[in-house]
> 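Attaching a single structure in structure tokens format; questions to follow.
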Protein chains: 2
Amino acid sequence: MTAAPRMRANPPRQQRGLRRGSLTKEIIVSESMRLLDEDGADGFSMPKLGRALGADQTAVYRHFASKDDLLLAIADRLIEEAMAGLERLDCWVGTLTEMCRRLRLTYLAHPAAASMSACRTTQGPAEIRAVDIIIGAILEAGFEGAEAARMYRAIGDFSLAWAGGEAAFLALDRSAQQRDRAAWRQAYLSVSREAHPNIWQVRAELPEVRDDDIFESILSVVMAGLRQQARRPCACHAPAISQPPPGGRRS
Amino acid sequence: MTAAPRMRANPPRQQRGLRRGSLTKEIIVSESMRLLDEDGADGFSMPKLGRALGADQTAVYRHFASKDDLLLAIADRLIEEAMAGLERLDCWVGTLTEMCRRLRLTYLAHPAAASMSACRTTQGPAEIRAVDIIIGAILEAGFEGAEAARMYRAIGDFSLAWAGGEAAFLALDRSAQQRDRAAWRQAYLSVSREAHPNIWQVRAELPEVRDDDIFESILSVVMAGLRQQARRPCACHAPAISQPPPGGRRS
DNA sequence: CCAGTTTGTCCAAGCCATTGACAACGACTC
DNA sequence: GAGTCGTTGTCAATGGCTTGGACAAACTGG
């Protein structure tokens, strides 16, 4: 027992676990997302992740310094997935619309992962590339200098915030989600005409609104506003969605 | 706020803990928000909350069935605080703008609390009242039926998502926040002109953008888009926020 | 063949959420 | 006033979590 030279006698320890090199960052991130998709954010822990990998509860710490570190890697993977194969389109409105839709779809596909990492920035190459494309569209719209910088942040943060918000709701456990939806349904229908006349007026339509339609509505509103404030129209034809402004600034 | 835990100077003996009735839901929620504002979301735990109240680590469980239950109460308090004293304005654009600004300011004042509860709905009276006011503005804009319902959800969810997203970032610990900002600054400045020409073009302006300006930009874009899609103009004169009105559209 | 580094495992410390048993206290009945 | 009961604060305990340190197997370079 004194220290030292290998007492290789007979400890049947035998390392029942994995072989060296079985775990890589890529594998760990993939398994994390699988677990998150399956069990939600609450059930996600380092011990469970290790066991799911067939390894020790603490094995992941050999590859990520902390759980937060792993989280950033997951965020990076999400951005990468959302922006895979993205190309700039001819028209700047189309480019921005496409990016917002892509990010949202990816986040909705992995709500638990997204809700944990939506507000983090990773500076990964995918992120930088997306930023360049967005700014390109903003410049194409005729914004310049500080205004362009501000508009990029406005659109980029809008897209992230919206997708993150939707993901956060979907990341709640089924019961809380169901309870929330049911409660609203109930609250809408039982509202009194006197106390809340406006809700009363649309009480029948409120529960029927679908998430996809809500998103397309706000996206359309944002794009309409952008087009109006832009110095240059987009390459595609549609000048505005509903009515043209009487002041006639078609440019 | 009325009943502070009245503590007697020096109880002679026994009285190892608090008197009966020392804790109420209101007091607990207030102390929770104080702790969250001070120490952030990470350092917020039931034991700490109990100790901060001068009570046992588990005392809070006598008033809230679970931490999640407490969370909903905190969310309710936030909405209440945001909407306190809100009145409908003459112009529907002004009403919607005011609500978005109010919610954001409250969330920014309590980022940790907000980031934990932004995606929850509480069905509290304050929330219902806010909903009624928003729908009122949407109806005033001339939207009807299912379209009005959809637009209400679009604007309401937009406001919540944006404020929640900003709060989530501010709720990160100082170091991560600082690191994020610094990293972006660095990434912007060191970007190559060839690889990312668009970022390069605004690299100097990007780090200077302020959060308040970003918010006002997206808000202005959304309101411009809404005005364009609305069936009726708002009561106030301004036809658009950003550009100077050359010839005011009449009320 | 050996030394050094990686990486997987074991073990343990310290924190957390939550629960059940117990005890003091207030209200209510007789 | 005495007894009963529900409320609420405390205590002790359980099981899970993150994380760090010690050890050992396996791969690497010499």
Side-chain angles (χ1 to χ4, degrees), chain A residues 1-28 31-32 35-36 39-74 112 116 173 176, chain B residues 3 5-8 11-29 31-32 35-36 39-74 112 116 173 176:
Chain A
M1 350 225 81
T2 54
R6 54 225 70 131
M7 49 197 290
R8 59 183 278 73
N10 49 358
R13 182 90 153 267
Q14 207 216 347
Q15 189 109 344
R16 297 196 304 291
L18 293 181
R19 282 208 248 175
R20 190 189 178 78
S22 304
L23 300 179
T24 65
K25 293 200 183 219
E26 280 69 30
I27 293 176
I28 293 174
E31 184 65 19
S32 299
L35 274 187
L36 283 166
D39 300 343
D42 279 350
F44 182 69
S45 75
M46 297 298 252
K48 272 188 192 168
L49 176 56
R51 271 170 297 194
L53 287 160
D56 187 80
Q57 304 186 349
T58 68
V60 178
Y61 282 95
R62 291 290 169 203
H63 299 267
F64 294 96
S66 67
K67 196 179 185 182
D68 193 70
D69 212 34
L70 171 59
L71 218 65
L72 287 180
I74 293 174
M116 294 196 318
D173 41 332
Chain B
R6 112 179 12 190
M7 39 176 52
R8 217 154 264 247
R13 66 205 151 127
Q14 66 171 21
Q15 178 126 350
R16 292 191 298 279
L18 292 181
R19 307 263 301 250
R20 192 188 177 78
S22 302
L23 300 180
T24 65
K25 292 199 183 219
E26 281 69 30
I27 292 175
I28 292 174
V29 169
E31 184 65 18
S32 298
L35 274 187
L36 283 166
D39 300 343
D42 279 349
F44 181 69
S45 76
M46 298 298 254
K48 271 189 191 166
L49 177 56
R51 273 174 303 212
L53 287 160
D56 187 79
Q57 303 186 348
T58 69
V60 177
Y61 283 95
R62 290 291 169 204
H63 300 268
F64 295 96
S66 68
K67 196 180 186 183
D68 194 70
D69 211 34
L70 171 58
L71 218 65
L72 286 180
I74 293 174
M116 293 197 319
D173 40 332

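Bear in mind that the values here come from a model prediction, so they are computed numbers and not experimental data.
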> State which residues pass side-chain hydrogen bond (donor to acceptor under 3.5 Å, both in side chains) with B:Thr58; sequence neighbours excluded, sorted by chain then number.
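Counting only residues at least two positions away or on another chain, B:Thr58 forms a side-chain hydrogen bond (donor to acceptor under 3.5 Å, both in side chains) with B:Asp56.
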
> Grab the CE-C1' distance between A:Met46 and C:dC15 for me, whole Å please.
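Taking CE of A:Met46 and C1' of C:dC15, I get 16 Å after rounding.
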
> How long is the line joining CD of B:Gln57 and C1' of C:dA17, in whole Å?
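Atom-to-atom, B:Gln57 to C:dA17, this comes out as 11 Å.
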
> Can you tell me the distance, in whole Å, between the CG atom of A:Leu71 and the P atom of D:dT18?
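Going from A:Leu71 (CG) to D:dT18 (P), I get 12 Å.
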
> Rounded to whole Å, please give me the gap between NZ in B:Lys25 and P in D:dT8.
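Rounding to the nearest Å, NZ of B:Lys25 and P of D:dT8 are 10 Å apart.
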
> CE of B:Met116 versus P of C:dA17: gap in Å, rounded?
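One finds 10 Å between P of C:dA17 and CE of B:Met116, rounded.
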
> Do the non-hydrogen side-chain atoms of A:Asp39 and A:Phe44 ever get within less than 4.5 Å of each other?
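Sidechains of A:Phe44 and A:Asp39: no contact.
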
> Report yes if the side chains of B:Met46 and B:Gln57 come closer than 4.5 Å at any heavy-atom pair, otherwise no.
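A side-chain contact under 4.5 Å is absent here.
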
> Which distance, rounded to the nearest 0.5 Å, do you find between the OG of A:Ser32 and the CG of A:Leu53?
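Going from the OG atom of A:Ser32 to the CG atom of A:Leu53 covers 7.0 Å.
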
> What residues, two or more places apart in sequence or in another chain, satisfy salt bridge (charged side-chain N to carboxylate O under 4.0 Å, His left out) together with A:Asp69?
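Checked A:Asp69 against salt bridge (charged side-chain N to carboxylate O under 4.0 Å, His left out); zero matches.
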
> Kindly indicate whether the side chain of A:Arg62, heavy atoms from C-beta on, has any atom under 4.5 Å from the side chain of A:Leu23.
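They are not in side-chain contact.
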
> So which of residues 61-70 of chain B are in contact with DNA chain C, with a heavy-atom cut-off of under 4.0 Å?
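Here the set is B:Tyr61, B:Arg62, B:Ser66, B:Lys67.
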
> Could you check how far CG of A:Asp56 sits from C1' of C:dC11, rounded to whole Å?
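In whole Å, C:dC11 C1' and A:Asp56 CG are 10 Å from each other.
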
> Would you say the side chain of A:Thr58 and the base of C:dC10 hold a donor-acceptor pair, judged only by whether the two atoms sit under 3.5 Å apart?
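Such a pair exists between side chain and base.
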
> Applying a 4.0 Å non-hydrogen cut-off, can you work out what B:Pro47 is touching in the nucleic acid: base, sugar-phosphate, or nothing?
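Sugar-phosphate contact only - B:Pro47 comes under 4.0 Å of backbone atoms but never of a base.
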
> In whole Å, what is the span from the CG atom of A:Leu23 to the P atom of D:dC27?
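Distance, rounded to whole Å: 14 Å.
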
> Atom CG of B:Leu36 and atom CG of B:Leu49: how far apart are they, to the nearest 0.5 Å?
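That separation rounds to 8.5 Å.
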
> Atom CZ of B:Phe44 and atom C1' of C:dC15: how far apart are they, to the nearest Å?
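Taking CZ of B:Phe44 and C1' of C:dC15, I get 15 Å after rounding.
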
> Among D:dC17, D:dT10, C:dT9, which nucleotide sits nearest the side chain of B:Ala55?
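Given the options D:dC17, D:dT10, C:dT9, the side chain of B:Ala55 is closest to D:dT10.
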
